[in-house]
2 protein chains.
Amino acid sequence: MLNGLSIGALSRRTGCTVQTIRYYERIGVMPQSRRTGGNQRRYTAQHLDRLHFIRHARELGFSLEQIRELLTLADYPDQSCAEIDRIARTNLAAIESRLRRLELLRHELQRMASACRGGRVADCRVIRVLSKHDQCHTEHIGSPEMFED
Amino acid sequence: MLNGLSIGALSRRTGCTVQTIRYYERIGVMPQSRRTGGNQRRYTAQHLDRLHFIRHARELGFSLEQIRELLTLADYPDQSCAEIDRIARTNLAAIESRLRRLELLRHELQRMASACRGGRVADCRVIRVLSKHDQCHTEHIGSPEMFED
DNA sequence: GCTTGAATCTACAACGACTATAGGTTTTAT
DNA sequence: ATAAAACCTATAGTCGTTGTAGATTCAAGC
């Protein structure tokens with residue numbers, strides 16, 4: 001509107017919750033906005049753009065720390081974008097590694113689940129595979145945190 | 001050993017850190033062990049088996065809550081394993097959904113990164129795509145949390 | 001102008017699955 | 001006997017949110 005978007009309006013336009021917007025401000029990836037006399041936030045079109053950028057980058061798997069870097073780098077349009085390229089490629093590599101790992105897990109789970117069809121727990125393939133790694137066809141060595149975000 | 005594995009020995013045999021083992025005990029997925037006179041934990045072969053089960057299930061993407069369920073169900077070997085099957089399939093579906101999403105993200109990141117080769121920030125493809133979703137070929141609608149664990 | 005209800009404010013706790021630290025005690029090897 | 005390694009508890013931190021409580025402000029209708 002004329003004197004700025006409320007936090008709720010910004011939320012509706014970006015699909016980002018009100019709490020998350022406040023969180024982004026607190027950790028400094030969103031700049032502070034002006035406030036009304038009653039201390040409510042009022043945002044500009046620039047804030048809207050920045051929040052779109054952040055959300056889009058989050059959807060593409062960038063961490064908030066990476067986003068912070070990207071935003072800093074984006075502020076110097078005359079510099080080389082080599083560093084930006086590096087961050088994007090790092091993120092791509094991380095996503096590719098997660099993909100490979102998930103493919104292995106899918107394979108093993110498919111094998112497990114297809115072998116289990118309504119028998120008794122004592123004969124359950126799922127429990128058996130989980131109990132003994134040597135019954136597992138896949139070499140999914142690696143810590144769970146690899147697999148998470 | 002004769003009077004049980006120390007927590008460090010259990011850690012070495014499972015690849016699970018000492019802190020994590022204590023954490024599992026605290027939240028109740030690992031049963032308590034006997035203690036030495038000096039209050040140190042001493043584990044049995046049953047503990048080793050259970051920790052292997054937990055770790056293996058974690059590697060396959062089961063949450064600790066799901067593992068707790070699986071362990072409870074595994075205690076009743078004469079019941080139907082339908083519920084176990086359901087948990088495994090839920091997990092498989094989650095992994096497949098993450099996979100599809102990651103494939104879209106990879107595609108978009110590849111496109112972004114390949115278009116950016118040492119120009120200036122002002123012309124950087126990465127920044128441009130992140131700034132405007134309509135420059136993005138992929139429909140990766142969905143919140144980041146879908147994408148996370 | 002008044003009232004109501006929705007939206008907003010701050011501050012703080014919780015989530016999941018760990019990881020790390022501080023400061024102390026026990027065990028093991030020499 | 002001593003010293004180093006391993007262990008103990010308790011507590012706080014990580015990441016990216018989400019949820020809560022209790023107070024205040026805003027916008028709309030009368």
Side-chain angles (χ1 to χ4, degrees), chain A residues 1-30 32-43 51 54-69 91 94 98 142-149, chain B residues 1-30 32-43 51 54-69 91 94 98 142-149:
Chain A
M1 303 294 169
L2 290 178
N3 36 351
L5 294 163
S6 71
I7 196 166
L10 192 63
S11 168
R12 259 169 269 124
R13 271 162 215 237
T14 56
C16 181
T17 70
V18 164
Q19 296 106 299
T20 301
I21 297 169
R22 288 199 277 247
Y23 169 70
Y24 286 166
E25 181 189 310
R26 203 164 63 245
I27 65 165
V29 293
M30 276 294 281
Q32 285 176 308
S33 66
R34 83 175 184 81
R35 301 285 184 123
T36 64
N39 200 33
Q40 299 196 355
R41 291 164 180 87
R42 286 299 177 267
Y43 293 103
L51 189 51
I54 294 168
R55 282 275 101 187
H56 196 180
R58 284 292 296 129
E59 281 167 11
L60 286 167
F62 292 89
S63 70
L64 285 174
E65 211 38 64
Q66 286 177 322
I67 291 169
R68 205 193 291 275
E69 283 186 75
N91 194 32
R98 273 203 302 250
S143 47
E145 64 271 17
M146 264 190 63
F147 157 79
E148 282 158 39
D149 211 35
Chain B
M1 302 293 168
L2 288 179
N3 36 352
L5 293 163
S6 70
I7 196 166
L10 192 63
S11 169
R12 260 168 269 124
R13 270 164 216 238
T14 55
C16 182
T17 70
V18 165
Q19 295 104 300
T20 301
I21 296 169
R22 288 198 279 246
Y23 169 70
Y24 286 165
E25 181 188 309
R26 202 164 64 245
I27 66 166
V29 293
M30 275 294 282
Q32 285 177 308
S33 66
R34 82 175 184 82
R35 302 284 185 124
T36 63
N39 200 35
Q40 298 196 356
R41 291 164 179 87
R42 288 297 178 267
Y43 292 103
L51 189 50
I54 295 169
R55 283 275 98 189
H56 197 182
R58 285 290 298 130
E59 281 167 11
L60 287 167
F62 291 89
S63 71
L64 284 174
E65 211 36 66
Q66 287 175 324
I67 290 169
R68 207 193 291 274
E69 280 186 77
N91 240 277
R98 272 203 303 249
S143 47
E145 63 271 18
M146 263 190 62
F147 159 76
E148 283 158 39
D149 213 33

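Proteins come first, then strands; the chains are lettered A, B, ... in the order of their sequence lines, and each starts at number 1.
Across B:Arg68 and B:Ile27, no two heavy atoms sit closer than the pair NH1-O, 2.9 Å. Taking every heavy atom of both residues into account, B:Leu64 and B:Val29 meet most closely at O-CG1, 4.2 Å. Summarising the geometry of B:Ser33 relative to B:Arg42, their closest heavy-atom pair is CB-O, 3.3 Å, with the distance given to 0.1 Å.
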Protein heavy-atom contacts under 4.0 Å, written 5' to 3' over nucleotides 6-13 of chain C as B (base), S (sugar-phosphate only) or - (none), form the string --SBB---
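Computed from coordinates, the B:Tyr24 OH to C:dC18 P distance equals 4 Å when rounded to whole Å. In this structure, CZ of B:Arg58 is placed 14 Å from C1' of C:dT19, rounded to the nearest angstrom. D:dC7 atom C1' lies 15 Å from atom CZ of B:Arg34, rounded to whole Å. In this entry the distance linking CD1 of B:Ile27 with P of C:dC18 reads 8 Å, nearest Å. Taking atom CG on A:Leu64 and atom P on D:dT18, their separation rounds to 12 Å, with Å as the unit. One can place CE of B:Met30 at 17 Å from P of C:dA17, the figure rounded to the nearest angstrom. When the P atom of D:dG16 is taken as reference, atom CZ of A:Arg55 falls 11 Å away, rounded to whole Å.
We find the CD1-CZ distance between A:Ile67 and A:Arg55 to be 8.5 Å, quoted to the nearest 0.5 Å. Note that OH of A:Tyr43 and CZ of A:Arg13 are 13.5 Å apart. Values are rounded to the nearest 0.5 Å.
Judged as a side-chain contact (heavy atoms from CB on, under 4.5 Å), and not counting sequence neighbours, the contacts of B:Ser11 are B:Val18, B:Ile21. With sequence neighbours left out, the salt bridge (charged side-chain N to carboxylate O under 4.0 Å, His left out) criterion links A:Arg34 to no other residue.
Taking side-chain N and O atoms only, A:Thr20 has a distance below 4.0 Å to OP1 or OP2 of D:dT18. Here A:Thr17 reaches the OP1 or OP2 of D:dT18: one of its side-chain N or O atoms lies under 4.0 Å away.
Minimum atom distance to the side chain of A:Tyr23 is reached by D:dG16, of the listed C:dC18, C:dT19, D:dG16. Checking D:dT17, D:dT18, C:dA17 against the side-chain heavy atoms of A:Gln19 singles out D:dT18 as nearest.
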